[in-house]
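Working notes, beginning with the structure itself.
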Amino acid sequence: MLLEMLWLFLLDLVLCVRSEVTELSECFTVNGRDYRGTVNHAGPEGTSCLYWNQTTQHLYNVQSDPDGELGLGNHNYCRNPDADVQPWCYVSENEDGIYWKYCDIPSCHMPGYLGCFLDFGTPPALSGASGTSSKLTVQACIRYCRTKGYQYAGVEAGYACFCGDPSDVGTLQPASSSQCDQYCFGKPNEICGGDGKLSVYSAWVGACHENLTSFSGVLYSPDFPEEYGPGISCMWDVLSPGSAAVELQFHIFQIPDPKDVLEVRDGASGTLLLKIQGGQKPPNSVTLPTGHLWFHFQSDQEIGGPGYAITYRGLPNTMTNSTPTQETSKELYLVSTNSTSEHYSTEHTSSSKALLFLAAALLALLALCVGIIIWRYPSWSFSNPCTMVQPTTCSMLYRHKKDRMGDLTCVNQSSMKSLI
């Protein structure tokens with residue numbers, strides 16, 4: 001009994017710490033356009049921001065955001081209404097000289113972004129593969145480093161990409177986030193480091209397939225923070241150890257095409273628990289009654305979209321109910337367990353029948369080929385079935401796969417134009 005109570009206490013403590021780590025991040029976009037915090041000073045000297053309802057002489061003010069989508073209002077908090085590289089605010093009522101400044105907000109960085117760091121050049125801060133590109137974006141560098149087998153990617157000066165491992169990250173020297181202020185050459189509303197400053201990301205950001213075994217974490221759409229493309233099918237296996245349920249929070253969900261679908265299933269039974277199609281607005285949060293989830297995202301062949309950012313958090317037995325719950329009462333998103341179980345079973349039964357039919361057809365074709373060869377070449381030896389016949393459809397079945405299709409040539413790492 002005592003050991004059980006101690007285990008529950010430690011589990012709650014870990015969950016609390018993990019939750020604080022997740023909640024510390026107030027932004028889920030690279031440029032902080034979704035920031036809705038309360039920092040109200042800008043620049044290294046901490047100049048006070050003007051109230052947005054008092055900046056009518058400037059382009060952005062309360063009148064220019066009647067629906068509140070840009071986060072402007074009767075306050076002087078930093079915002080990013082024009083999708084600049086980071087949140088900012090007006091510091092002067094007239095436009096003579098410097099009348100706006102960037103805000104330094106350490107808590108406004110997307111999960112997976114480690115921060116801004118110094119790079120002295122020799123040796124580079126990240127010592128792995130590197131290169132440059134006139135079309136560099138954050139995801140292009142992340143994708144390049146991920147395919148090279150590195151765990152971290154760093155962008156610098158708008159056009160340079162560096163890859164590294166945990167040994168590199170452990171020695172990085174932090175710099176102020178405002179010093180990473182260079183536009184990415186391939187995407188002007190993203191930050192790609194600065195002059196001698198490196199913006200470092202984890203390589204798992206925007207991955208298409210991932211196995212996650214942590215109490216809490218973040219799921220990004222494929223190629224995030226860039227738009228996901230058409231014809232994508234991605235799967236994420238999420239296991240929250242010791243959790244009886246998982247709470248999902250939808251921070252960003254911009255899926256425009258109704259044919260694009262996100263499904264969440266029970267990882268043990270395959271039961272469909274949640275299904276959201278493009279164009280639908282998900283609840284702010286939803287709790288699913290299992291600690292093991294499968295996420296599957298499918299986009300059609302026509303268009304892509306901005307994507308999504310979803311956080312998950314495991315819940316112990318004392319914090320869960322027996323049925324799924326969500327903030328809204330709409331039944332559009334949560335699917336009945338019985339109906340989805342039958343649907344899932346029917347889908348798999350149909351798939352199994354199709355596979356059996358295909359296997360039977362292939363066996364029949366193979367038998368027909370063998371019969372024709374035996375009838376036409378009675379002296380044919382089974383020791384080498386393809387020596388006496390020309391390369392036909394049947395003989396191709398016995399061909400061995402080549403071990404190599406040619407060696408890969410070395411690529412000059414001083415240029416990544418051919419890679420990204």
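- No donor-acceptor distance shorter than 3.5 angstrom exists from the side chain of Asp300 to the backbone of Lys259, with no hydrogens or angles considered.
- Using a 4.5 Å cut-off on side-chain heavy atoms (C-beta onward), Asp223 and Arg143 make contact.
- The heavy-atom pair separating Cys180 from Phe117 by the smallest distance is SG-N, 4.5 Å.
- In this structure, Ile98 and Val91 approach most closely via the heavy-atom pair O-CG2, 4.2 Å.
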| Going through the distances and angles, do Val238 and Val246 end up as a side-chain contact (heavy atoms from CB on, under 4.5 Å)? | CA-CA 10 Å; Val238 175; Val246 172; 5.7 Å; no
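- Listed for the Ser243 side chain is no donor-acceptor partner under 3.5 Å among the backbone atoms of Gly291.
- Less than 2.5 Å separates the SG atom of Cys145 from that of Cys163.
- Using a 4.0 Å cut-off between a side-chain N of Lys or Arg and a carboxylate O of Asp or Glu, Glu226 and Lys187 do not qualify as a salt bridge.
- In this pair, Tyr228 and Phe297 present their aromatic rings perpendicular. The plane angle is above 60°, beyond the 30 to 60° band.
- Rounded to the nearest 0.5 angstrom, Gln182 CD and Gln179 CD are separated by 11.5 Å.
- Shortest non-hydrogen contact noted between Ile105 and Pro87 is CD1-CB, 4.0 Å.
- No side-chain donor-acceptor contact under 3.5 Å links Lys148 to the backbone of Arg146.
- Within 6.0 Å of the CD atom in Gln63, the count of heavy atoms belonging to other residues, nucleotides or ligands exceeds 12.
- With rounding to the nearest 0.5 angstrom, the CZ atom of Phe250 is 9.5 Å from the CG atom of Leu219.
- Of the possible polar contacts, none joining the Ser134 side chain to the Phe185 backbone as a donor-acceptor pair under 3.5 Å is found.
- The SG atoms of Cys141 and Cys192 lie 2.5 Å or more from each other.
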| Criterion side-chain contact (heavy atoms from CB on, under 4.5 Å) on Tyr60 and Trp88, from CA distance to verdict | CA-CA 11 Å; Tyr60 292 98; Trp88 56 273; 4.1 Å; yes
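- One distance of note links OH of Tyr77 with CZ of Arg36; it measures 13.5 Å at 0.5 Å rounding.
- The SG atoms of Cys89 and Cys78 lie 2.5 Å or more from each other.
- With a 6.0 Å radius and a threshold of 12 heavy atoms from other residues, nucleotides or ligands, Asp195 has its CG atom at or below the threshold.
- In this structure a side-chain-to-backbone donor-acceptor pair under 3.5 Å is present from Asp119 to Ala125.
- The backbone N or O of Arg79 lies less than 3.5 Å from no partner atom in the side chain of Arg33, so there is not a single donor-acceptor pair.
- Side-chain atoms of Asp67 do not come within 3.5 Å of backbone N or O of Glu69 as any donor-acceptor pair.
- Looking at Thr137, its side chain does come within 3.5 Å of a backbone N or O of Ala140 through a donor-acceptor pair.
- In this structure the side chain of Leu248 reaches within 4.5 angstrom of the side chain of Phe295, judged on heavy atoms.
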| query | So Ser285 and Gln249, side-chain hydrogen bond (donor to acceptor under 3.5 Å, both in side chains) or not? Walk me through it. | reply | CA-CA 4 Å; Ser285 66; Gln249 290 191 347; 5.2 Å; no
| message | Checking Tyr113 against Val138 for the side-chain contact (heavy atoms from CB on, under 4.5 Å) test, could you report, in this order, the C-alpha distance in whole Å, the side-chain angles of both residues, the deciding distance, and whether it holds? | response | CA-CA 10 Å; Tyr113 174 63; Val138 170; over 6 Å; no
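- Tyr35 and Ser107 form no side-chain donor-acceptor contact under 3.5 Å, judged by distance and modelled atom types alone.
- Taken as a pair, Cys234 and Cys208 meet the criterion of an SG-SG distance shorter than 2.5 angstrom.
- Of the listed residues (Thr171, Asp165, Asp168), just one forms a side-chain hydrogen bond (donor to acceptor under 3.5 Å, both in side chains) with Ser127, and that residue is Asp168.
- The aromatic rings of His251 and Phe28 sit parallel to each other, their planes meeting at less than 30°, with 60° as the upper class boundary.
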| task | Carefully, step by step, assess Asp84 and Tyr102 under the rule side-chain hydrogen bond (donor to acceptor under 3.5 Å, both in side chains). | result | CA-CA 9 Å; Asp84 205 336; Tyr102 289 125; 3.0 Å; yes
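- Here the shortest heavy-atom pairing between Asp181 and Ile191 reads N-CG2, 4.2 Å.
- Closest approach of Pro174 and Leu118 over heavy atoms only: O-CG, 4.3 Å.
- Of the inter-residue distances, the one linking Asn76 atom CG with Asn53 atom CG reads 9.5 Å to the nearest 0.5 angstrom.
- Counting heavy atoms from C-beta on, the side chains of Leu262 and Phe253 come closer than 4.5 Å.
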| task | Output, in order, the C-alpha distance, side-chain angles, deciding distance and verdict of side-chain contact (heavy atoms from CB on, under 4.5 Å) for Phe162 and Leu198. | result | CA-CA 9 Å; Phe162 298 88; Leu198 199 65; 3.8 Å; yes
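- The CG atom of Leu212 sits 10.0 Å away from the CG atom of Leu239 when rounded to the nearest 0.5 Å.
- Remark: side-chain polar atoms of Asp266 are not paired, donor with acceptor, to backbone N or O of Leu273 under 3.5 angstrom.
- Using a 4.5 Å cut-off on side-chain heavy atoms (C-beta onward), Pro225 and Tyr220 make no contact.
- Atom CE of residue Met110 and atom OH of residue Tyr201 lie 6.5 Å apart, to the nearest 0.5 angstrom.
- Using cut-offs of 30° and 60° for the angle between ring planes, the Tyr99 and His58 rings count as parallel.
- Sulfur atoms SG of Cys27 and Cys108 are positioned under 2.5 Å apart.
- Between Tyr159 and Leu136, the closest heavy-atom pair is C-CD2, 3.3 Å.
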